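All of these numbers come straight from a predicted model, not from anything done at the bench.
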Amino acid sequence: MASFALPPHGEEVQLLRWLDSLDGEAESVKREVSKSWQEQIRQVRGDQWRIERPPHFLANITKNQVRRKIALLTESKPQIQIRSQRANLTRASDVLYQTSRSIWDRSGTEDSIYRLAHFGMTVGSGFLHVPYDPLINDVEISFIDPRRVYIDPGISAAPDLRKAQYLRIDSVVSLADLRARFPGRGATVKPDERVSSYDESKGRGSILASVLAMMPRVYRPGAGAKVGPIPRAEVREYWLRDPQLNTEGTLLYPGGRHIVRAGSVILLDEANPYWDGEWPIEMFEWDVDYDTPWGMGEVQDLRRIQEAVNRLGDAWVSNRLLGSNFRVVADVDALDPDQWAALDNDAGLIVRKKPNRQFEYQPPVPDDGTMPQTIQALIQLCDLLTGNIAERSRQAQPTDMEGLQFSRQTLVRSVARRLETMLERIGQKLISRVFQFYTSDKVLFQMGPSREWIAYTFERQRLLQDDDGRVRETEERQEMWRDFKFMIIPFSSLAVTRIQRVMAALQLRSATGVAPSIKRILAEADMGDPDTLIEEGIEEAKRLPQPPPPKGRSGRP
């Protein structure tokens, strides 16, 4: 039995060999997991049911299903909350809330969530990244293509990513960017021919294919290969749990180890730079896969149904076109060969028979009109499988609370809760980044309640104080992020949830006359700043003419 080998420290050649062994394990597992991903992406793109002739009927039902479900899942911005887990930290919680909202809005997190859900429904998983970028001196939230990530096969669930012994993130970076980020060693990196060249004989260059490739592929130069104008290199970023001990018997890398390599050049080898000691990415799985953390998408379940719809539709349209044509029956020598070649079946169905031979043409069976209903039924089956159909009770009225409860998309809500749980893990990392990297006052921008960009001034001192103005000790600041919890209001990303809450609040207001307050109802409706809306309503009421006093029974006031 082979002995357990620790990752080497200080010996670059040995370190590269050890990293290569990690690559071999991770890539072999990923190859099996992702072998159907490209086919599922083709289905969403519309590259389906390949036949020799152009089809008469081809509907991309899968893409429509994906877009509809993701629209339901992401149509509203998730409502975040930050609460302190210790008393007397309300003001610091408010500072973290405003700062997190600013980073959330500035990073375009809603677009990252959309892409995350799109990849999740298609291939089963996706990743969000919360790094600190020293070049811009700020924290960002970004999406990572799952085809670029390789993880420890020892974990079986996406929430357990923090327990992974290693993970790897691939990217293609220009040499100019590498030299800016890694001065010194970045200058020794050579261009990678595989990602710096393109194929002139193909419509789509090999550069894009290399960026999106699920597995590293050997570049084979050919007659059409041409060196591109931008030299690039493939960069691999590793995050490792390193069990090595120092001379004092403690962990050499207590929060993990961070390594960046480009080919055979180690660009960076350091301890995990983040205070929380966690990996800077989180994984989202669309649905549970029992054996791996990569999850399961829904596109693979729609493939056969979509193919059946397109085959039925193509056959039906083809028969309708042929059955509606004129029929020309003539002897085979009635025209010269070139004249026969000039005719086709577009205007009429041409049948050539031998002279003095009997020929009988049987008209097709009349269309009974059931084919469109069959196609529609299959499309509705896709709606049912994806949960895009509202499960509404036939007896309940849409305005009733019972009708609202039945109208919620159960399958969409189940995905929404998993997504929100993953975003809470991202938000917890965001809190740690604020404490670590926001070391001075700065002006931030966030989307205001009335959909306009407003400025917010981050004050570092307020973040470090309790409600009584006492500042935490310097040695405690590295652990202060643990005192706060990032949370998302359940199902706040679903517009139907907001509609339900607003209608419930209106009914309670009508029944009680007092609760909930108008301000609370306006806040739930998310129509703008509640205080501003109330002030505008009061001012408008003052300008309106007063109603006449009620008259008595005699008709007089």
Side-chain angles (χ1 to χ4, degrees), residues 7 15-35 37-38 41 112 115-116 119-120 122-131 133 140 142-153 155 158 161 164-182 185-186 189-198 205-219 228 230-240 256-270 272 279-284 292-294:
L15 178 59
L16 287 171
R17 291 175 180 172
W18 190 81
L19 293 177
D20 289 340
S21 66
L22 287 186
D23 294 341
E25 179 185 66
E27 290 173 5
S28 63
V29 176
K30 181 73 173 295
R31 187 181 298 110
E32 179 66 22
V33 170
S34 60
K35 61 183 180 181
W37 285 7
Q38 196 61 30
I41 292 174
S112 297
R115 294 178 62 83
L116 180 73
F119 271 84
T122 303
V123 303
S125 59
F127 295 84
L128 286 185
H129 195 201
V130 195
D133 190 344
E140 292 185 327
S142 58
F143 166 78
I144 297 183
D145 191 321
R147 294 171 291 181
R148 295 171 43 203
V149 182
Y150 301 82
I151 61 177
D152 174 16
I155 65 172
L161 186 65
Q165 295 300 304
Y166 66 88
L167 60 89
R168 187 186 100 195
I169 305 173
D170 289 357
S171 57
V172 175
V173 184
S174 68
L175 293 190
D177 194 11
L178 272 182
R179 289 164 183 168
R181 293 183 178 274
F182 305 99
R185 304 218 76 181
V189 178
K190 304 298 182 182
D192 188 338
E193 190 177 17
R194 184 172 64 90
V195 296
S196 300
S197 304
Y198 62 95
S206 61
I207 293 176
L208 179 61
S210 299
V211 173
L212 298 179
M214 291 179 290
M215 298 297 300
R217 295 177 296 177
V218 177
Y219 175 74
I230 308 296
R232 300 177 178 87
E234 184 179 1
V235 177
R236 296 180 180 180
E237 182 180 8
Y238 299 86
W239 297 88
L240 311 170
R257 188 174 177 181
H258 180 215
I259 300 175
V260 181
R261 68 180 286 193
S264 59
V265 179
I266 299 294
L267 297 171
L268 182 67
D269 187 359
E270 63 176 359
N272 186 345
W279 311 140
I281 71 173
E282 283 293 341
M283 187 176 189
F284 167 65
T292 74
W294 293 98

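- Contact annotation: the side chain of Y150 never approaches that of R236 to less than 4.5 Å [non-hydrogen atoms, C-beta and beyond].
- Contact detail for V189 and A233: the closest heavy-atom pair is CG1-CB, 3.8 Å.
- With rounding to the nearest 0.5 angstrom, the CH2 atom of W279 is 12.5 Å from the CD1 atom of I151.
- In this structure, I281 and H129 have side chains that are in contact, with non-hydrogen atoms separated by less than 4.5 Å.
- Interatomic distance, D192 CG to L175 CG, rounded to the nearest 0.5 Å: 9.5 Å.
- Taking CZ from F127 and CZ from F284, the interatomic distance works out to 12.0 Å, rounded to the nearest 0.5 Å.
- At a threshold of 4.0 Å, the pair R181-D133 counts as salt-bridged, since one of the basic side-chain nitrogens sits closer than that to a carboxylate oxygen.
- Looking only at side-chain heavy atoms (C-beta outward), P280 and W239 come within less than 4.5 Å of each other.
- Side-chain contact between V29 and T292 is absent, with no heavy-atom pair separated by less than 4.5 Å.
- By the 4.5 Å heavy-atom criterion applied to side chains, S34 and V123 are not counted as neighbours.
- Between R257 and D269 there is a salt bridge, since at least one side-chain N of the basic residue sits less than 4.0 Å from a carboxylate O of the acidic one.
- Here CH2 of W18 is found 10.0 Å from CG of D23. Values are rounded to the nearest 0.5 Å.
- The CH2 atom of W37 lies 4.5 Å from the NZ atom of K30; values are rounded to the nearest 0.5 Å.
- Inter-residue side-chain proximity for L128 and S112 is flagged as met; some heavy-atom pair is nearer than 4.5 Å.
- For R261 (side chain) and I259 (main-chain N/O), no donor-acceptor pair under 3.5 Å exists by modelled atom type.
- Remark: Y238 OH to L167 CG distance equals 11.0 Å, nearest 0.5 Å.
- By the 4.5 Å heavy-atom criterion applied to side chains, S125 and F119 are not counted as neighbours.
- Considering all non-hydrogen atoms of both residues, P153 and Y166 come closest at CD-OH, 3.4 Å.
- Judged by distance alone, with hydrogens and angles left aside, the side-chain atoms of R185 form a donor-acceptor pair with the main-chain N or O of I266 at under 3.5 Å.
- A salt bridge does not link E237 with R148: none of the charged nitrogens is closer than 4.0 Å to a carboxylate oxygen.
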